[in-house]
Amino acid sequence: MISPESMLQRWAMIVELSSAVFADMRDHAIRAHPEEACGLLLGDATRIMKYVPAANVHARPATHFEIDPLVLIAAHKAARAGGTAIAGYFHSHPHGAARPSATDRAMAAHDGAVWAIWGEGGVEFWKDEADGFAALPYRLSDG
């Protein structure tokens, strides 16, 4: 059961990103269509500062995604060298809703990462929690 304090903390959290990061995710999803786009969200749990597109190396990219391991390793190395940390992951659902699919739920690490899913109707943000995905509000900020 989720505690009242956890619920308040969850709803108090708002993901912030610039319109440029938003456009980068959108454009990648459009270019990848009809396959799923994927990439990394750099920043922290409340502020996404950069989107790093990656190749979708899954054997069935029309319905699944797997971030290119070389991009993932490079991002981890950069973070260890003082760069921006990986806050989470992005992927698109070219023919579905912007919410975690059954496959997403099965593959999730439950590590607190932020997931951005671009689907029909736009993007939604989610937190991958121990007990499943929780919706996160977001706002665009260019300040």
Side-chain angles (χ1 to χ4, degrees), residues 1-2 6-143:
M1 180 167 198
I2 299 172
S6 176
M7 288 297 291
L8 286 174
Q9 185 178 25
R10 179 184 294 172
W11 289 110
M13 185 174 156
I14 297 173
V15 176
E16 187 175 322
L17 65 155
S18 70
S19 55
V21 169
F22 182 89
D24 289 345
M25 292 187 307
R26 179 198 62 220
D27 294 349
H28 188 198
I30 290 168
R31 283 191 314 274
H33 193 276
E35 295 181 345
E36 291 194 13
C38 60
L40 302 174
L41 306 172
L42 303 185
D44 60 40
T46 60
R47 182 150 173 80
I48 306 304
M49 299 181 330
K50 184 176 182 183
Y51 171 63
V52 178
N56 182 350
V57 298
H58 196 282
R60 294 177 293 170
T63 57
H64 295 76
F65 80 97
E66 182 178 341
I67 295 170
D68 181 343
L70 296 176
V71 173
L72 193 55
I73 290 167
H76 281 295
K77 284 182 177 179
R80 281 196 309 272
T84 308
I86 298 172
Y89 313 98
F90 166 84
H91 75 284
S92 63
H93 289 168
H95 305 290
R99 64 177 175 264
S101 66
T103 301
D104 295 336
R105 290 189 299 274
M107 299 303 293
H110 308 297
D111 58 0
V114 173
W115 285 43
I117 303 174
W118 198 284
E120 294 172 347
V123 68
E124 296 292 336
F125 286 83
W126 303 86
K127 186 172 182 186
D128 179 14
E129 298 182 331
D131 59 347
F133 284 98
L136 293 172
Y138 74 93
R139 71 172 161 243
L140 298 180
S141 172
D142 289 312

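This chain uses plain numbering: 1 for the first residue, then up along the sequence. Just so we're clear, the structure is a prediction, and the values are computed from it rather than from any experiment.
His58 NE2 to Thr103 OG1: the interatomic distance, rounded to the nearest 0.5 Å, is 8.0 Å. The distance from the OG atom of Ser18 to the OH atom of Tyr51 is 13.5 Å, given to the nearest 0.5 Å. Residue Arg47 holds its CZ atom at 13.0 Å from CD1 of Ile14, rounded to the nearest 0.5 Å. Once rounded to the nearest 0.5 Å, the distance linking CD of Glu124 with NE2 of His93 reads 12.0 Å. Between atom CG of residue Leu72 and atom NE2 of residue His76 there is a gap of 4.0 Å, rounded to the nearest 0.5 Å. For the atom pair Leu17 CG and Thr46 OG1, the distance stands at 11.5 Å (nearest 0.5 Å).
For Tyr89 and Trp126, the ring centers sit 6.0 Å or farther from each other.
For the side-chain contact (heavy atoms from CB on, under 4.5 Å) with Leu40, the qualifying choice from Thr84, Ile67, Asp68 is Ile67, the only one to do so. For the ring pair (Phe, Tyr, Trp, His ring centres under 6.0 Å) test with Trp118, the passing option among Phe22, Phe65, Phe125 is Phe22; the others fail.
Between the side chain of His91 and the backbone N or O of Ile117 there is no donor-acceptor pair closer than 3.5 Å. Asp24 places no side-chain N or O within donor-acceptor distance of the main-chain N or O of Val21, the cut-off being under 3.5 Å. In this structure, the side chain of Arg105 engages the main chain of Pro100 through a donor-acceptor pair within 3.5 Å. Between the side chain of Asp128 and the main chain of Trp115, no donor-acceptor pair closer than 3.5 Å is present.
The two atoms that bring Glu129 and Ala134 nearest to each other are OE1-CB, 3.6 Å, heavy atoms only. Between Ala98 and Gly119, the shortest heavy-atom contact is CB-N, 3.6 Å. Scanning both residues, Cys38 and Asn56, for their nearest heavy atoms gives SG-CA, 3.6 Å. Contact detail for Leu41 and Val114: the closest heavy-atom pair is CD1-O, 3.8 Å. The two residues Ile86 and Ala75 make their nearest non-hydrogen contact at CD1-CB, 3.7 Å. Taking each heavy atom of Ala116 and Val123 in turn, the nearest pair found is CB-CG2, 4.2 Å.
Within a 6.0 Å sphere centred on CZ of Arg99, other residues, nucleotides and ligands contribute 12 heavy atoms or fewer.
Proximity of Glu35 to Pro94: side-chain heavy atoms (C-beta onward) are nowhere separated by under 4.5 Å.
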